[in-house]
Amino acid sequence: MTSLTAIISEIADEMRAETDRGQVANYIPPLASVDLGRFGMAIIDAEGASHTVGDAEEPFSVQSVSKVFGLTLALNAVDAGLWSRVRQEPSGSAFNSIIQLENENGIPRNPFINAGAIVVSDILVSHYGLEGAQNELLGLLRPLSADPDTILIDREVATQEEETGFRNKALANYMRTFGNIHNAVDETLAFYFHQCALTMSCLQLAEVGTYLMTGGINPRTGERVISTRNAQTVLALMMMCGHYDGSGSFAIRVGLPGKSGVGGGILAVTPGVASVAVWSPGLNTQGNSLLGTRALERLVQHTGWNVFRASR
């Protein structure tokens, strides 16, 4: 059987040869200057072994991948109470769309579009306070990694996001008019922007994703991170909503629960088998990593990890 390291090395060679690499997210200044040639991939398997290739240990801004971790914290804090303020359905719209909010009384379709993640942020600020919520976020992630001290919130990126995040401010203020934002908008958005400014490498992202691979357990410590039921909920939402209006295409092509970010990262999980992270900063028209998606598609073709396959 071909080793995982050999498989991802072959995939990395294929990705290096690609000429269409997408476009970086130029509306966030620190992301606009990232080299389009970057590519990294990391896998943590069920035995705890790591397999890496390319720029897998290069830190990058995970952006909306962080919404998975905010959702985890909110489910731990309020459990099913979350679903009175955000729904569990695909949006079929762009990640920063405001149109549905008017038709649906300020209740976002799911926790992964920007409006939904802002509501999640509001819940966390209510529960922990602004500084406490940031500490809880890092406290969730760092014990899952072998290199915890370099999982950071990039304050410069957070500041740049605040200075350019006019649409997110509009979303938050609009939901406030429906009573679905309970804290000061600036405070809720401060946590949202800092969450999106999380910085880690592919290897670290694959490591922190392992609690979803194991049904909610930190495999490093044996401690429970989230209930089994809520871990399943997070994975289901990743499958249905993790790539915004490209989620259906991703499910068909890759067949794994996944969450993308405009920094070019994708976290994908095969339950019980592997946690996978890929990074390539060039995006497709839906705002998802172009080569990252292709790489994951090739990975499941090699491994049979597609969750819709009858047997692996």
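Along the sequence shown, the residues carry numbers beginning at 1.
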Main-chain N/O of [Y] paired with [X] side-chain donor or acceptor, under 3.5 Å:
X    : Y    : value
R224 : I226 : yes
S280 : G292 : no
D79  : G81  : no
T177 : Y174 : yes
R21  : M15  : yes
H194 : A190 : yes
N218 : E223 : no
T210 : M213 : no
N183 : E187 : no

Closest approach of [X] and [Y], non-hydrogen atoms and distance?
X    : Y    : value
G287 : V262 : O-CG1, 3.8 Å
L256 : W305 : CD2-O, 3.2 Å
Y244 : S260 : CE1-OG, 4.0 Å
Y128 : A77  : OH-CB, 4.1 Å
A117 : Y192 : CB-CE1, 3.6 Å
G106 : M175 : O-CG, 3.8 Å

*asked:* Tell me which pairs pass salt bridge (Lys or Arg N to Asp or Glu O under 4.0 Å) where either residue lies in residues 43-54, with sequence neighbours left out.
replied: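 Pairs touching residues 43-54 that pass the test: none.
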
*Provide the full list of salt bridge (Lys or Arg N to Asp or Glu O under 4.0 Å) pairs with a residue in residues 250-277, sequence neighbours left out, each pair given once.*
R253-E297

Does atom [atom1] ([X]) have a neighbourhood of more than 12 heavy atoms from anything else shown, all under 6.0 Å?
X    : atom1 : result
R220 : CZ    : yes
E58  : CD    : yes
Q301 : CD    : yes

*asked:* Pair M200, L141 - check side-chain contact (heavy atoms from CB on, under 4.5 Å), show working.
replied: CA-CA 10 Å; M200 63 184 88; L141 300 175; 3.9 Å; yes

Testing the 3.5 Å rule here: is there a donor-acceptor pair between the side chains of [X] and [Y]?
X    : Y    : answer
S126 : H182 : no
S145 : E207 : yes
N76  : N230 : no
Q204 : T150 : yes
S275 : Y211 : no

Find the distance between [atom1] ([X]) and [atom2] ([Y]) and round it off to the nearest 0.5 Å.
X    : Y    : atom1 : atom2 : result
N135 : R142 : CG    : CZ    : 9.0 Å
L198 : Q134 : CG    : CD    : 9.5 Å
L152 : S61  : CG    : OG    : 11.5 Å
T188 : L130 : OG1   : CG    : 9.0 Å
F178 : E104 : CZ    : CD    : 10.5 Å
L291 : F39  : CG    : CZ    : 7.0 Å

*asked:* My understanding is that only residues two or more places apart in sequence, or in another chain, count here; which of them pass side-chain contact (heavy atoms from CB on, under 4.5 Å) with T285?
replied: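 None.
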
A side-chain contact here means heavy atoms from C-beta on lying under 4.5 Å apart; do [X] and [Y] qualify?
X    : Y    : answer
L71  : T233 : no
F250 : Q286 : no
L75  : T72  : no
L171 : L101 : yes
L189 : E162 : no
V119 : P111 : no
V278 : L296 : yes
V24  : L36  : yes

*For the pair R85 and D122, find out whether any cationic side-chain nitrogen is under 4.0 Å from an anionic carboxylate oxygen.*
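Here R85 pairs with D122 in a salt bridge, since their nearest N and O are under 4.0 Å apart.
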
_Under a 4.0 Å threshold between the charged nitrogen and the carboxylate oxygen, would E14 count as salt-bridged to R294?_
no

*Stepwise side-chain contact (heavy atoms from CB on, under 4.5 Å) test for H243 and F112*: CA-CA 9 Å; H243 284 72; F112 292 153; over 6 Å; no

Can you get from [X] to [Y] by hopping between Ile, Leu, Val, Met, Phe, Trp and Tyr side chains that sit under 4.5 Å apart?
X    : Y    : answer
I44  : V53  : no
V276 : V307 : yes
I217 : V273 : no
V185 : F191 : yes
F193 : I151 : yes

_side-chain contact (heavy atoms from CB on, under 4.5 Å), that's the test. Do Q63 and L31 meet it? Break it down for me._
CA-CA 10 Å; Q63 293 292 309; L31 303 187; 4.0 Å; yes

*Parallel, tilted or perpendicular: which fits the ring planes of F60 and W279, with parallel below 30° and perpendicular above 60°?*
parallel

*Qualifying residue for side-chain contact (heavy atoms from CB on, under 4.5 Å) with Q195, from L137, V120, L73*: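 Single pass found, and it is L137.
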
*Can you list the steps and then say if L299 with M41 is a side-chain contact (heavy atoms from CB on, under 4.5 Å)?*
CA-CA 10 Å; L299 178 66; M41 195 170 194; 3.8 Å; yes

